[in-house]
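Basis for what follows: all heavy atoms, side chains included, without hydrogens, waters or symmetry-related copies.
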Amino acid sequence: MCGIVGIVSTSNVNQTLYDALTVLQHRGQDAAGIVTFQNDRFNLRKDNGLVRDVFHTRHMRRLVGNVGIGHVRYPTAGSSSSAEAQPFYVNSPYGITLAHNGNLTNADDLSKDLFRTDLRHINTNSDSEVLLNVFAHELQKLGKLDPTKDEIFSAVRAVHKRCRGAYAVIAMITGYGIVGFRDPNGIRPACYGVRETDDGKEYMIASESVALSAAGFTLVRDIAPGEAVYIETDGTLYTEQCSEKAHLYPCIFEHVYFARPDSIIDKVSVYKARLRMGETLAEKVLRERPEHDIDVVMPIPDTSRTSAMQMAHLLGVKFREGFIKNRYIGRTFIMPGQKMRKKSVRQKLNPIDLEFRGKNVMLVDDSIVRGTTCKEIVQMARDAGARNVYFASAAPPVRYPNVYGIDMPSASELIAHDRTEDEIRDLIGADWLLYQDLGDLITCVSDVNPDIEGWECSVFTGEYVTGDVDEAYLSKLEAMRNDENRFQAAGADPADNGIIDLYNDED
């Protein structure tokens with residue numbers, strides 16, 4: 001999962017890009033990058049780390065120019081190499097840089113084609129570099145010295161025909177402007193907004209609307225699936241549908257976990273969607289246990305707070321913050337196995353004993369992925385004196401891997417894979433386990449925008465909307481994502497058996 005932003009302004013964009021990336025930091029903490037151009041030259045800074053650690057005053061002073069793009073990255077294959085920090089750059093044609101959120105499901109085939117047919121070399125393992133070279137090659141094939149909007153939209157059409165999977169993209173073409181586009185299924189989010197100044201209109205493209213509002217831009221709309229938005233350096237904006245087979249099937253997990261609650265994605269308020277998730281959880285409690293004995297509802301910080309608050313309200317029970325999150329713990333990429341995973345949970349969360357003592361506690365999390373974290377949290381609640389510990393997930397059971405840009409564990413490491421809910425309950429040690437029903441989740445996010453034809457729900461159903469994910473692909477993904485290979489990619493002893501990102505709230 002990554003965050004992308006691009007700006008065409010009437011003044012230097014470096015500070016606005018920095019601020020936007022800070023707002024989008026939740027979408028990726030592995031690396032950050034900004035590139036601007038002035039006088040036909042790129043100015044680039046990117047490295048591993050958080051936005052605040054990658055950019056210092058000396059870097060910001062060099063990032064001059066009225067046009068630029070930025071990226072925050074979370075790797076989708078366990079790698080944290082700075083060589084794969086974005087934006088990526090190619091010098092031909094024109095000089096193009098690109099920032100990408102998502103994952104190409106045919107990246108390997110494209111990489112081979114780029115070398116054999118297009119005579120282009122891919123220098124990293126990133127599918128984003130593949131996508132950049134596809135776009136650059138299609139633009140170069142047109143052979144125009146000065147590309148017009150029509151040539152740029154034509155190149156985007158060719159990208160849609162060659163690339164499969166999920167991609168929200170912002171590319172900057174030196175001296176001409178920026179282009180943003182979204183895959184024909186609209187799996188990953190992207191929107192654009194405008195800001196009026198005395199010198200003219202300024203435009204921003206970003207992964208989430210919160211980046212626009214935080215910088216004083218007014219949301220115009222989401223980029224439609226298959227659509228491209230091209231903004232010239234003088235602020236002239238063009239849009240065009242570039243796919244003949246566009247359908248809106250956005251990733252439902254954006255609303256469950258990834259997006260900020262103050263964002264609006266595809267006309268759906270993330271905050272309101274999470275409120276509804278809490279409502280449907282409460283309704284399920286009342287259906288299954290109308291005489292429930294829940295004394296208090298507590299969120300697992302932070303994403304589940306909205307759902308837990310609404311759940312408590314409808315059940316007529318107390319809502320309390322039972323866990324305090326340590327926001328100053330340092331990043332730890334490599335953790336030696338399950339024992340250290342458990343230790344990391346206790347470093348990150350600390351219970352308030354008086355809120356647990358002698359009570360029947362309903363803990364609410366946004367989802368249960370690996371299960372290690374919630375098992376430890378249940379035990380922490382018991383250690384704090386809870387009489388009974390119940391656990392609710394605002395999402396259905398996560399049973400299958402994601403192939404569209406979310407770095408979830410391999411299928412065999414998902415606690416819900418090939419297990420019943422009773423088995424999962426026993427494994428995490430809860431007295432009662434409550435999952436959101438998929439139909440209820442879809443209802444929570446679907447009643448606002450009639451243009452949404454369906455949802456990308458593959459982590460719950462195993463059905464992949466692009467139609468090109470088979471057992472061979474999933475087996476290869478399994479090998480890449482299992483703990484042992486993650487450790488080898490990170491240069492650690494495979495016997496340590498585990499990688500964890502302490503900034504991630506989910507398991």
(request) Please round to the nearest 0.5 Å and tell me the distance separating atom OG of S9 and atom CG of D199. (result) 9.0 Å
(request) Return the minimal non-hydrogen interatomic distance between P225 and N185, and the atom names on each side. (result) CB-C, 3.9 Å
(request) Check whether any side-chain heavy atom of K267 lies under 4.5 Å from a side-chain heavy atom of I452, and answer yes or no. (result) no
(message) Can you confirm whether N125 is buried at CG, in the sense that more than 12 heavy atoms of other residues, nucleotides or ligands lie under 6.0 Å from that atom?
(response) no
(request) Using the six-membered ring wherever Trp is involved, compare the ring planes of Y18 and F55 and label them parallel, tilted or perpendicular (cut-offs 30° and 60°). (result) perpendicular
(request) Give a yes or no on whether the backbone of N14 and the side-chain of N12 come within a donor-acceptor separation of less than 3.5 Å. (result) no
(request) Would you check if there is a donor-acceptor pair between the side chains of E151 and T148 at a distance under 3.5 Å? (result) yes
(message) Any heavy-atom pair between the side chains of F253 and S458 that's under 4.5 Å?
(response) no
(message) If I take atom CZ from residue R27 and atom CG from residue N101, how far apart are they, to the nearest 0.5 angstrom?
(response) 5.0 Å
(message) Testing the 3.5 Å rule here: is there a donor-acceptor pair between the side chains of H26 and Y257?
(response) no
(message) Are L104 and Y167 packed together at the side-chain level, in the sense that at least one heavy-atom pair is separated by less than 4.5 angstrom?
(response) yes
(message) A cation-pi test, strictly: NZ or CZ of K149 under 6.0 Å from the centre of the six-membered ring of Y238 and no more than 45 degrees from its axis. Yes or no?
(response) yes
(message) What I'd like to find out is whether the side chain of M1 reaches to under 4.5 Å of the side chain of R188, using heavy atoms alone.
(response) yes
(request) Give the minimum heavy-atom separation between S207 and P189, together with the two atoms involved. (result) O-CB, 3.5 Å
(request) Would you mind reporting whether Y404 and C251 have side-chain heavy atoms less than 4.5 Å apart? (result) no
(request) Step through the shown structure and confirm whether more than 12 heavy atoms of other residues, nucleotides or ligands are within 6.0 Å of CZ on R41. (result) no
(request) Check whether any side-chain N or O of E208 sits under 3.5 Å from a backbone N or O of S263 as a donor-acceptor pair, and report yes or no. (result) no
(request) Could you label the plane-to-plane angle of the Y89 and F42 rings as parallel, tilted or perpendicular, counting under 30° as parallel and over 60° as perpendicular? (result) perpendicular
(message) Between Y203 and V229, is the side chain to side chain contact (heavy atoms under 4.5 Å, CB included) condition met? List the steps.
(response) CA-CA 11 Å; Y203 289 97; V229 175; over 6 Å; no
(message) With rounding to the nearest 0.5 angstrom, report the CG to CH2 distance, L441 to W455.
(response) 8.5 Å
(request) Report the C-alpha separation of F135 and I96 in whole Å, then their side-chain angles, then the decisive distance to 0.1 Å, and conclude whether the side chain to side chain contact (heavy atoms under 4.5 Å, CB included) test is met. (result) CA-CA 9 Å; F135 177 65; I96 303 173; 4.3 Å; yes
(request) Flag the pair H255 / R276 as yes when at least one side-chain heavy-atom distance between them is below 4.5 Å, and no otherwise. (result) no
(request) Give the minimum heavy-atom separation between L438 and C457, together with the two atoms involved. (result) CD1-SG, 4.3 Å
(request) Take the angle between the ring planes of H247 and Y249 and call it parallel below 30°, perpendicular above 60°, tilted in between. (result) perpendicular
(message) For the CG atom of L212 and the OG1 atom of T218, what is their distance to the nearest 0.5 Å?
(response) 9.0 Å
(message) With rounding to the nearest 0.5 angstrom, report the CE to OG1 distance, M311 to T280.
(response) 9.5 Å
(request) Taking all heavy atoms of K201 and all of E196, pick out the closest pair and write down the distance. (result) CE-OE2, 3.2 Å
(message) Are the side chains of I122 and L114 in contact, using a 4.5 Å heavy-atom criterion?
(response) yes
(request) Could you tell me which non-hydrogen atom of G177 sits nearest to which non-hydrogen atom of T233, and how far apart they are? (result) N-CG2, 3.7 Å
(request) Show your working on side chain to side chain contact (heavy atoms under 4.5 Å, CB included) between L132 and Q86 and close with a plain yes or no. (result) CA-CA 11 Å; L132 167 60; Q86 297 184 39; over 6 Å; no
(request) Enter the distance from I69:CD1 to L98:CG here, rounded to the nearest 0.5 Å. (result) 6.5 Å
(request) Please list all pairs passing the salt bridge (Lys or Arg N to Asp or Glu O under 4.0 Å) test where one or both residues lie in residues 157-172, with sequence neighbours left out. (result) D118-R162, E138-R162, R157-E240, R164-D468
(request) Evaluate whether atom NE2 of H313 has more than 12 neighbouring non-hydrogen atoms of other residues, nucleotides or ligands under 6.0 angstrom away. (result) no
(request) Could you check V403 against L474 for side chain to side chain contact (heavy atoms under 4.5 Å, CB included), going step by step and ending with a plain yes or no? (result) CA-CA 8 Å; V403 303; L474 292 175; 4.1 Å; yes
(message) So does A215 get a backbone contact from the side chain of R195, meaning a donor-acceptor N/O pair under 3.5 Å?
(response) yes
(message) How close do S393 and D366 get, counting heavy atoms only, and between which atoms?
(response) OG-O, 3.9 Å
(message) Could you check whether any side-chain heavy atom of T36 comes within less than 4.5 Å of a side-chain heavy atom of L17, counting everything from C-beta outward?
(response) yes
(message) Could you check whether any side-chain N or O of Q25 sits under 3.5 Å from a backbone N or O of V51, counting only pairs where one atom can act as donor and the other as acceptor?
(response) yes
